[in-house]
Amino acid sequence: MLLKSLSELNGTSGAENLVRNFLRQTIEPFVDIINTDKMGNLIGIKNDSLSGPKVMLSAHMDELALMIIDITGEGFLKFRPVGGIDAQILVSKPVQINNSYMGVIGAKAIHLQKHTEGQNPLSCDQLYIDIGAKSKEDASSKVKLGDYAYFTTVFEPFGDGLYKGKALEGRVGCAILAELLQNDYDFPLIAGFTVQEKVGLRGAKVAAHHLAPDFAIVLEAIVADDMSDCAEEGWITELGKGPVCSFMDRSTLYSSKLIQWVTGVARQNGIPLQFPRGSGSGNDAGSIHISKVGIPTISLSVPCRYIHSFASVISEKDYQACYDLVNALLKELPNIFEGSSINFAKEDKF
C-alpha cells in the first residue's frame, strides 16, 4: 500500500531524501518531466506540451523528528524537536537514529522527582535519548551531533476502517497526489512534493515562485479532536465525515468563490465534505497563494486524530473521499478557466 510505504519512511525537514527518492520512482512513469530543485522539492509535470492553465498540486514530504544537539558524559543524547512536538508525549517512546540505532526517550523517574517537579509538564530540556551507550565516547562512535531521531510507528489498519501511523499529516497528501498522477487530464498538471513545511513553509515558497502555476490545491491532513471528553464545538473536524475544505488558517484566507466551487462539485458528485470549526495552523498554501502576483489556492485535508504525535489516526473513507474530490475538481477545472484566469461568471450558482 502506497500510504503505508510513505508513512514508514523517515524524512524530516531538510532530510527528505528517502521520501523523495521513493516518490520519484513512484511517479516517474506518469509524468513528462521530473526534477529536484535546489531547495529539494520534487517536481513532476504531466501534460507539459498541452495548452491551458497550469495547475499545481502540493503536498509536503517532511515529518516531525528530533535533532541530536549534545551527548552527555554518560552517553545520553540531548535533542531539540524539528517542528511542533508536544514534549509531554515523548517520554518512553522508542526512536530510531540513522535508520539503524534504536533508542528510548527517558526522563528522571517519578520516584526521584521532587513534588514540584511532578506537578509540571516535562520539557525537552528534561528529556534524553538512551541508546544503551556506556559513555560519551561510546555514543559518539554511533551518533553525531545533527543526526535525527525518528518515531518507529508501524502503519496498520485497526478498528472500523481506520489507519494508524506516523507522518500522516504530510504523507496522506503525498499518497493522494501520487495516485492522481496516474489519471488523464486535459491541462498541464504540476506535482509539487515540497520540503521543510514543518519549519516555515519554505519549500513551497521556492516551488511556487519558480513554477508560477495559475491555480493550486494543497493536500495534507488536518487536526480532528472528536473525542468524548471534548465539547463538540471544539472538535475542529471529525473522522468519517469526509475531507475538509478550509475557510482560513494562520497563513491563508481562502477565496469564498473557490470554497463555493469546491462545495458545489462535492455535492454534485455525492462526496461528503466538512469545514473546520476553527482556524488552525497554516500549511503550504500560506506560501503559495502570495507568490509573485498571487495564485488562487485551496486547501483540502484528511481529518487526523493525534496529529503531530508518534501515532496519528485517519479514516480510510476520508482518504478515499479526498482523492475522489480532488479528481472531480481537476475534471471540472477547464470549465471555469478562461486563458489563465479563473472565471466563475460561467457558473450560475455563483
Side-chain angles (χ1 to χ4, degrees), residues 2-27 34-44 58-71 77-87 89-90 93-103 105 124 127-129 131 139-155 165-175 177-178 191-207 219-221 283-284 287 307-312:
L2 179 59
L3 182 56
K4 174 180 173 62
S5 298
L6 285 167
S7 171
E8 293 179 353
L9 288 172
N10 292 332
T12 191
S13 303
E16 299 93 346
N17 52 300
L18 291 178
V19 183
R20 180 171 52 245
N21 293 342
F22 175 83
L23 283 167
R24 186 185 187 99
Q25 294 177 356
T26 301
I27 71 169
I34 188 167
N35 60 67
T36 301
D37 66 18
K38 293 181 179 179
M39 193 72 182
N41 301 303
L42 176 65
I43 307 299
S58 176
H60 71 87
M61 297 183 288
D62 54 324
E63 65 180 293
L64 300 170
L66 308 172
M67 178 185 282
I68 310 305
I69 62 167
D70 192 19
I71 301 175
L77 313 179
K78 302 296 289 184
F79 61 85
R80 287 288 179 270
V82 181
I85 300 178
D86 183 357
I89 72 169
L90 296 178
K93 300 301 184 297
V95 293
Q96 186 181 55
I97 305 170
N98 297 335
N99 294 305
S100 55
Y101 296 108
M102 298 302 299
I105 300 175
C124 287
L127 304 176
Y128 54 84
I129 299 174
I131 59 170
S140 299
S141 69
K142 301 177 175 68
V143 177
K144 64 182 184 298
L145 302 187
D147 284 346
Y148 296 107
Y150 294 95
F151 300 127
T152 59
T153 310
V154 174
F155 180 95
K166 73 174 183 68
L168 294 182
E169 183 186 0
R171 306 286 166 77
V172 292
C174 291
L177 175 45
F193 298 96
T194 63
V195 298
Q196 299 191 38
E197 190 266 359
K198 293 294 184 189
V199 291
L201 321 181
R202 297 172 185 174
K205 182 176 183 179
V206 171
L219 303 171
E220 64 160 14
N283 59 33
D284 276 344
S287 289
I307 207 166
H308 281 212
S309 75
F310 65 95
S312 299

J.: Suppose we screen for salt bridge (Lys or Arg N to Asp or Glu O under 4.0 Å). Which residues come up paired with Glu197, at least two apart in sequence or across chains?
T.: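 Counting only residues at least two positions away or on another chain, Glu197 forms no salt bridge (Lys or Arg N to Asp or Glu O under 4.0 Å).
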J.: Taking all non-hydrogen atoms of both residues, which atom of Thr12 and which atom of Asp62 are closest, and how far apart?
T.: C-CB, 3.7 Å
J.: I'd like to check Ser309 versus Asp86 (side-chain heavy atoms, cut-off strictly below 4.5 Å). Are they in contact?
T.: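 A side-chain contact under 4.5 Å is absent here.
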J.: Testing the basics here: between Leu177 and Ala191, what is the closest heavy-atom pair and its distance to 0.1 Å?
T.: CD1-CB, 3.9 Å
J.: Using side-chain heavy atoms (C-beta onward) and a distance below 4.5 Å, is Gln196 in contact with Met39?
T.: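 Gln196 vs Met39: side chains touch.
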J.: Applying salt bridge (Lys or Arg N to Asp or Glu O under 4.0 Å), can you list everything that pairs with Arg24, at least two apart in sequence or on another chain?
T.: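 Expected list: none.
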J.: Should Phe193 and Ile27 count as side-chain neighbours, where that means a heavy-atom distance under 4.5 Å?
T.: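 Of all side-chain heavy-atom pairs linking Ile27 with Phe193, at least one is under 4.5 Å.
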J.: How close do Met61 and Arg20 get, heavy atom to heavy atom, and via which atoms?
T.: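 Shortest heavy-atom contact: SD-CA, 3.8 Å.
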J.: Which salt bridge (Lys or Arg N to Asp or Glu O under 4.0 Å) pairs, counting each pair once, include a residue from residues 6-16, with sequence neighbours left out?
T.: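 As it turns out, the salt bridge (Lys or Arg N to Asp or Glu O under 4.0 Å) pairs with a partner in residues 6-16, which skip direct neighbours, are Lys4-Glu8.
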J.: A side-chain contact here means heavy atoms from C-beta on lying under 4.5 Å apart; do Val195 and Arg202 qualify?
T.: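 No, side chains not in contact.
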J.: Measure the CD1-CZ distance between Ile85 and Phe151 for me, rounded to the nearest 0.5 Å.
T.: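 Those atoms lie 4.5 Å apart.
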J.: If you define the side chain from C-beta out and look only at heavy atoms, does anything of Arg171 sit under 4.5 Å from Val19?
T.: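 A side-chain contact exists here, since the closest heavy-atom pair is under 4.5 Å.
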J.: Look up atom NZ in Lys78 and atom CD1 in Ile129, then write down how far apart they are to the nearest 0.5 Å.
T.: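 Output value for this atom pair is 10.0 Å.
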J.: Of Leu9, Leu2, Leu6, Leu3, which is the lone residue that meets side chain to side chain contact (heavy atoms under 4.5 Å, CB included) with Cys174?
T.: Leu6
J.: Can you give me the closest heavy-atom contact between Phe79 and Cys124, atom names plus distance?
T.: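 Minimum heavy-atom contact is CE1-SG, 4.0 Å.
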J.: As a test of understanding, state which of Val199, Leu64, Leu66 forms a side chain to side chain contact (heavy atoms under 4.5 Å, CB included) with Val82.
T.: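 For Val82, the side chain to side chain contact (heavy atoms under 4.5 Å, CB included) check succeeds only for Val199.
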J.: List for me each residue that meets ring pair (Phe, Tyr, Trp, His ring centres under 6.0 Å) alongside Phe155, sequence neighbours excluded, and say none if there are none.
T.: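 Ring pair (Phe, Tyr, Trp, His ring centres under 6.0 Å) check on Phe155 returns Tyr163.
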J.: Residues in side chain to side chain donor-acceptor pair (under 3.5 Å) with Asn99, at least two apart?
T.: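 Asn99: side chain to side chain donor-acceptor pair (under 3.5 Å) contacts with Asn10.
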J.: To the nearest 0.5 Å, what is the distance between CD1 on Ile68 and CG on Leu77?
T.: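 Between Ile68 CD1 and Leu77 CG, I get 4.5 Å after rounding to 0.5 Å.
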J.: For Lys93, what residues pass the salt bridge (Lys or Arg N to Asp or Glu O under 4.0 Å) criterion, not counting sequence neighbours?
T.: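 Lys93 satisfies salt bridge (Lys or Arg N to Asp or Glu O under 4.0 Å) with no residue once adjacent residues are dropped.
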